[in-house]
Amino acid sequence: QVQLVESGGGSVQAGGALKLTCAASGYIFSNCGMLWYRQAPGKERELGSTIVSDGTTTYGDSVRGRFTIAQDNAKNTLYLPMNSLKTEDTAVYYCALCGDDGLGTRRSYWGQGTQVTVSS
């Protein structure tokens with residue numbers, strides 16, 4: 001079974017920075033992508049950033065230029081350094097993993113989320 005654990009959330013002032021970490025454990029044949037989502041209070045879940053095994057990254061318009069997604073394959077760890085934080089970045093941030101079992105089946109795994117609060 002695959003487990004994802006997010007950490008690094010907290011409370012910061014606007015303009016500050018945080019670095020989120022997602023530690024993955026358990027067996028997958030291959031990593032077919034890792035993603036950061038967030039859900040702000042009263043709003044729907046939003047895709048923030050993705051990374052796939054070839055290094056290709058994507059960013060949502062709201063975070064592009066401020067957040068960076070990076071993966072340490074050796075440690076099965078995903079990072080999201082966040083700079084120039086804004087109050088609207090306040091949300092629960094979720095890590096997700098696309099895992100390929102090598103038999104043609106892909107499955108999405110989710111962490112429990114970590115709270116990021118940005119104050120003005």
Side-chain angles (χ1 to χ4, degrees):
Q1 185 65 265
V2 174
Q3 182 178 359
L4 304 176
V5 179
E6 301 98 333
S7 62
S11 181
V12 298
Q13 291 184 311
L18 286 172
K19 183 179 180 180
L20 304 186
T21 298
C22 173
S25 62
Y27 174 80
I28 57 172
F29 179 78
S30 63
N31 179 342
C32 45
M34 297 192 75
L35 312 89
W36 283 103
Y37 290 87
R38 67 184 186 182
Q39 187 167 21
K43 298 182 179 180
E44 296 183 349
R45 186 181 63 187
E46 173 189 22
L47 176 63
S49 184
T50 65
I51 188 168
V52 294
S53 59
D54 66 357
T56 301
T57 60
T58 66
Y59 295 92
D61 291 341
S62 62
V63 306
R64 185 178 294 109
R66 300 186 298 116
F67 295 4
T68 304
I69 190 168
Q71 183 174 254
D72 186 336
N73 290 327
K75 298 175 63 176
N76 296 315
T77 302
L78 181 71
Y79 302 98
L80 189 70
M82 306 183 295
N83 297 305
S84 301
L85 284 164
K86 305 174 181 179
T87 56
E88 52 263 43
D89 295 321
T90 295
V92 178
Y93 284 72
Y94 297 93
C95 174
L97 166 69
C98 170
D100 190 325
D101 66 2
L103 301 175
T105 300
R106 293 180 174 181
R107 180 181 296 179
S108 296
Y109 303 90
W110 293 83
Q112 81 291 341
T114 185
Q115 176 70 48
V116 172
T117 302
V118 184
S119 60
S120 60

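Note that the structure is predicted; figures quoted are calculated from it, not measured.
Using a 3.5 Å distance cut-off with no hydrogens or angles, the side chains of S62 and R38 do pair a donor with an acceptor. Using modelled atom types and a 3.5 Å distance limit, the side chains of R45 and Y37 yield no donor-acceptor pair. Side-chain atoms of T50 and T58 include a donor-acceptor pair closer than 3.5 Å. In this model, no donor atom of one side chain and acceptor atom of the other lie less than 3.5 Å apart for N76 and Q71.
A salt bridge is absent between K86 and D89; no separation between the charged side-chain nitrogens and carboxylate oxygens falls under 4.0 Å.
The minimum heavy-atom distance between C32 and G99, with the atom names listed, is SG-N, 3.7 Å. S120 approaches A14 most closely through the heavy-atom pair CA-CB, 4.4 Å.
A donor-acceptor pair under 3.5 Å is absent between the side-chain atoms of Y59 and the main chain of R66, judged by distance alone. Without hydrogens or angle criteria, T90 side chain to V118 main chain gives a donor-acceptor distance under 3.5 Å. With hydrogens and angles disregarded, no donor-acceptor distance shorter than 3.5 Å links the side chain of R106 to the backbone of D100. Proximity of a side-chain donor or acceptor of E6 to a complementary backbone N or O of Y94 within less than 3.5 Å is not detected. Judged by distance alone, the side chain of T114 and the main-chain N or O of G9 form a donor-acceptor pair under 3.5 Å.
A side chain to side chain contact (heavy atoms under 4.5 Å, CB included) with T57 holds for exactly one of V52, I69, T68; it is I69. Looking at I51, L97, L35, D72 one by one, the single match for side chain to side chain contact (heavy atoms under 4.5 Å, CB included) with L78 turns out to be I51.
Within the model, atoms OG of S25 and CD of Q3 stand 4.5 Å from one another, a figure rounded to the nearest 0.5 Å. Here the OH-CD distance, from Y27 to Q1, works out to 14.0 Å after rounding to the nearest 0.5 Å. Taking CG of L4 as the reference point, atom OH of Y109 lies at 9.5 Å (rounded to 0.5 Å).
If you chain together hydrophobic residues whose side chains sit under 4.5 Å apart, W110 and I28 never meet in one group. No continuous path of ILVMFWY side-chain contacts below 4.5 Å connects Y79 to M82, so the two sit in separate hydrophobic clusters.
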Point to revise | Check against side-chain contact (heavy atoms from CB on, under 4.5 Å), M34 and C98 | key: CA-CA 6 Å; M34 297 192 75; C98 170; over 6 Å; no
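Taking the ring centroids of F67 and W36, they lie at or beyond the 6.0 Å cut-off.
In this structure, R107 places its CZ atom where only 12 or fewer heavy-atom neighbours from other residues, nucleotides or ligands lie under 6.0 Å away.
Within the 4.5 Å cutoff, the side chain of Y93 has heavy atoms near those of the L80 side chain.
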